[in-house]
Amino acid sequence: MNIKKTIEWTVIFSVLISLTSCYQSYHMSSDSRISDFPTPPHNYNVEIFFPGETPADNEYIRTHIFQVTAPAGSQYARMVQQMREKANAAYVDAVIIINKDNYTQWVSSKSAIDYVAEILTGVYVPETHTLTEETVLVGLGIKYKANVDYLTKYRLVDQLHLYDAEKQDYVHIADLYPDFHNAIFKIENTGDSNQGIFHYEQFIKKHSLAFLIDEKSSFWRYSFNANSGKLKKRKYTNPTTQSHIIVRYNYDADGKLNSLKTKHRYPGRIPEEYLLKLELDSLGRFSEKIVKKSDGTPLLIEWFYYNEEGYLINSLVYSIEDGKEMPFLKIDYFYYEEEDVYTYF
C-alpha cells in the first residue's frame, strides 16, 4: 500500500445542534476547533502553559482555540480558571496561553511554573492581579501525542477498486482520504485516467451513508418527528453549485432506521430520486444497502464486512442489470497504527 507521508487535513469546526425551531441547522461553537483530531474524554488535569513555558512543537497537536473575556476589576486567576474549564469541557490535554495583554510586568517577575501552580491552587492572588481594563485571554488547546492511544480506531485511507471483467479481478483506481468523521476530503486517482474520481462521485458519494446520515456542517438543515423525536428530514445545499439534496429517514416498528429517500436537485437538470433500503446485522451495524430508482428498479447493492474487533474492513458494490448482480466496485479500509501519530501529525 503506497500512502503519502503527508496528508492535507481540512479544518473541521465543532458543531452544536440548535433546538430553537422545527427546522434547524448545525452551528459552529464560539470556542472553535482548528483541527478535527479527536479529543475523547479523559480523567487527568489539564495543564496551563504561558509564553516561554511550552512543550516541544513535535510533541503535541493543535486542536482548539479558546477565548475568555473579563471586565475591569476581575481577577486574572479567575480568567485562567475559566480557560481551564473550557479546556476540560473540550477534553484537551493542555492550553498554551498565546496572549497575556496587561500581565507582562507581573509575569516576568515569577517563573511560569510557580505562578501557574499558585493560580490553580488559589494560594497566590495578590491585588496586582486585578484587571485595570476589559481583557481578552486566548489559549491554544493541544493534545499530547504520547496520550493518543486511540488512533487505531480511525481510518487512514480507503482504497477504491473497479472490477475488470477481462482480468476477472479488481483494479485499484483511487485512494480516498477520510477525516475523523469519515467524510472524504481528498481523492487521488492511482491510474492515468479520471476513473477513480468519476466512480467515487457518481456511485459512492451520492449514496454514502456517512454523508447522508452522519455528516454535520452548516450546509445541512434538518427537522425531527414531533412524536418520536427521531430525525425526519435533512436538506443539504452545496455552497459552490447550489445543488440540493433532500434526505428523508424511515424507521421500522422497533425504531431502527431501515431506509432513506433522497432527492438530488441540480440547476437546469431533472431531479434524481432514489430509495436506499438498509439492513442491519445483529450488532446494529449496516450490513447491506440496496439503491433503487424512484420507480423501484434496483441499481446497486452494497455489502459491508467487519473484522473481529468490529472495524469495517471492506465493502463490495454490485451493479444490478436485468435483475442480475454484477461485480462493480470494492472499497478496502485501512486504519492508523499507534506510531502514525508521529508520522502524519
Side-chain angles (χ1 to χ4, degrees), residues 1-16 29 31-49 53-66 83-98 113 116-117 120 139-159 175-186 209-210 214-216 281 283-286 304-315 331-345:
M1 178 176 60
N2 182 17
I3 300 173
K4 278 191 170 183
K5 290 294 181 183
T6 302
I7 297 178
E8 298 173 357
W9 295 102
T10 56
V11 176
I12 305 286
F13 291 98
S14 58
V15 294
L16 296 175
S29 66
D31 291 311
S32 296
R33 270 189 169 272
I34 56 174
S35 166
D36 70 332
F37 195 91
T39 55
H42 59 69
N43 56 7
Y44 42 84
N45 290 329
V46 171
E47 295 182 86
I48 303 290
F49 290 96
E53 298 286 342
T54 59
D57 189 64
N58 64 346
E59 293 180 359
Y60 63 87
I61 301 161
R62 298 164 176 84
T63 62
H64 292 75
I65 289 290
F66 303 112
M83 181 73 71
R84 190 182 189 196
E85 290 168 0
K86 287 180 176 243
N88 271 318
Y91 301 114
V92 299
D93 292 351
V95 174
I96 299 173
I97 301 300
I98 56 179
I113 294 177
V116 168
L120 296 182
L140 176 68
I142 64 173
K143 182 71 185 178
Y144 290 128
K145 293 181 180 181
N147 290 343
V148 179
D149 57 359
Y150 49 83
L151 191 60
T152 56
K153 298 178 181 179
Y154 296 92
R155 301 205 309 266
L156 170 61
V157 64
D158 304 342
Q159 290 189 346
D175 285 329
L176 317 175
Y177 294 98
D179 62 24
F180 287 104
H181 306 284
N182 296 328
I184 301 299
F185 70 89
K186 184 178 179 181
L209 297 183
D214 296 326
E215 208 270 337
K216 295 178 177 64
D281 63 17
L283 298 178
R285 304 171 300 194
F286 292 113
F304 304 92
Y305 299 94
Y306 304 85
N307 62 15
E308 293 181 355
E309 288 75 32
Y311 296 170
L312 179 66
I313 54 171
N314 57 56
S315 62
I331 306 176
D332 292 327
Y333 304 96
F334 294 89
Y335 292 77
Y336 286 101
E337 297 180 359
E338 283 192 20
E339 58 269 23
D340 286 339
V341 71
Y342 294 98
T343 304
Y344 297 104
F345 304 97

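Keep in mind the model is a prediction, meaning the values are calculated, not measured.
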**Asked** Would you find a donor on one side and an acceptor on the other, under 3.5 Å apart, between the side chain of Arg155 and the backbone of Val157?
**Response** no
**Fill in**
To the nearest 0.5 Å, atom CD of Gln159 lies from atom CG of Asp175 at 5.0 Å
**Message:** Rounded at 0.5 Å granularity, tell me how far CG in Asn147 sits from OH in Tyr44.
**Reply:** 4.0 Å
**Prompt:** Is any side-chain heavy atom of Leu283 less than 4.5 Å from a side-chain heavy atom of Tyr306?
**Reply:** no
**Message:** Let me confirm one number: the CD1-CZ distance from Ile65 to Arg33, rounded to the nearest 0.5 Å.
**Reply:** 12.5 Å
**Request:** Please work out whether the ring planes of His42 and Tyr91 are parallel, tilted or perpendicular, with thresholds of 30° and 60°.
**Result:** perpendicular
**Message:** Measuring from atom CD1 of Ile34 to atom CG of Leu140, what distance do you get when rounded to the nearest 0.5 angstrom?
**Reply:** 5.0 Å
**From CA spacing to verdict: side-chain contact (heavy atoms from CB on, under 4.5 Å), Asn182, Asp214** = CA-CA 9 Å; Asn182 296 328; Asp214 296 326; 5.8 Å; no
**Prompt:** Given side chains that start at C-beta, do those of His181 and Asp36 come closer than 4.5 Å, heavy atoms only?
**Reply:** yes
**Nearest heavy atoms of Pro38 and Tyr150, plus distance in Å** = O-OH, 2.7 Å
**Prompt:** Of the non-hydrogen atoms in Phe304 and Ser315, which two are nearest, and what is the gap between them?
**Reply:** CD2-CB, 3.9 Å
**Message:** For Phe66 versus Ala87, what's the shortest heavy-atom pair and its separation?
**Reply:** CZ-CA, 3.9 Å
**Item:** Chi angles and distances behind the ring pair (Phe, Tyr, Trp, His ring centres under 6.0 Å) call for Phe345, Tyr336
**Value:** CA-CA 12 Å; Phe345 304 97; Tyr336 286 101; 5.7 Å; yes
**Asked** From Leu151 CG over to Glu339 CD, what is the distance, rounded to the nearest 0.5 angstrom?
**Response** 9.5 Å
**Message:** Donor-acceptor pair, distance only, cut-off 3.5 Å: does the side chain of Thr63 make one with the backbone of Gly141?
**Reply:** yes
**Prompt:** Does any non-hydrogen side-chain atom of His64 lie less than 4.5 Å from one of Thr39?
**Reply:** yes
**Request:** May I ask you to test the Asn314-Ile331 pair for a side-chain heavy-atom distance under 4.5 Å?
**Result:** no
**Item:** Side-chain touch Tyr154/Pro178, heavy atoms, less than 4.5 angstrom
**Value:** no
**Request:** Step by step, work out the side-chain contact (heavy atoms from CB on, under 4.5 Å) result for Ile97 and Met83.
**Result:** CA-CA 9 Å; Ile97 301 300; Met83 181 73 71; 4.2 Å; yes
**Asked** Just how far is it from atom NZ of Lys153 to atom CZ of Phe180, taken to the nearest 0.5 Å?
**Response** 12.5 Å
**Request:** Could you label the plane-to-plane angle of the Tyr177 and Phe185 rings as parallel, tilted or perpendicular, counting under 30° as parallel and over 60° as perpendicular?
**Result:** tilted
**Message:** When you compare the side chain of Tyr335 with that of Asn307, does any pair of heavy atoms fall below 4.5 Å?
**Reply:** no
**Request:** Give a yes-or-no answer on whether the side chains of Tyr144 and Glu47 include a donor-acceptor pair shorter than 3.5 Å.
**Result:** yes
**Item:** Thr54 versus Ile96, closest heavy-atom pair with distance
**Value:** CG2-CG2, 3.6 Å
**Complete:** Result for salt bridge (charged side-chain N to carboxylate O under 4.0 Å, His left out) between Asp93 and one of Lys145, Arg84, Lys143 points to Lys143
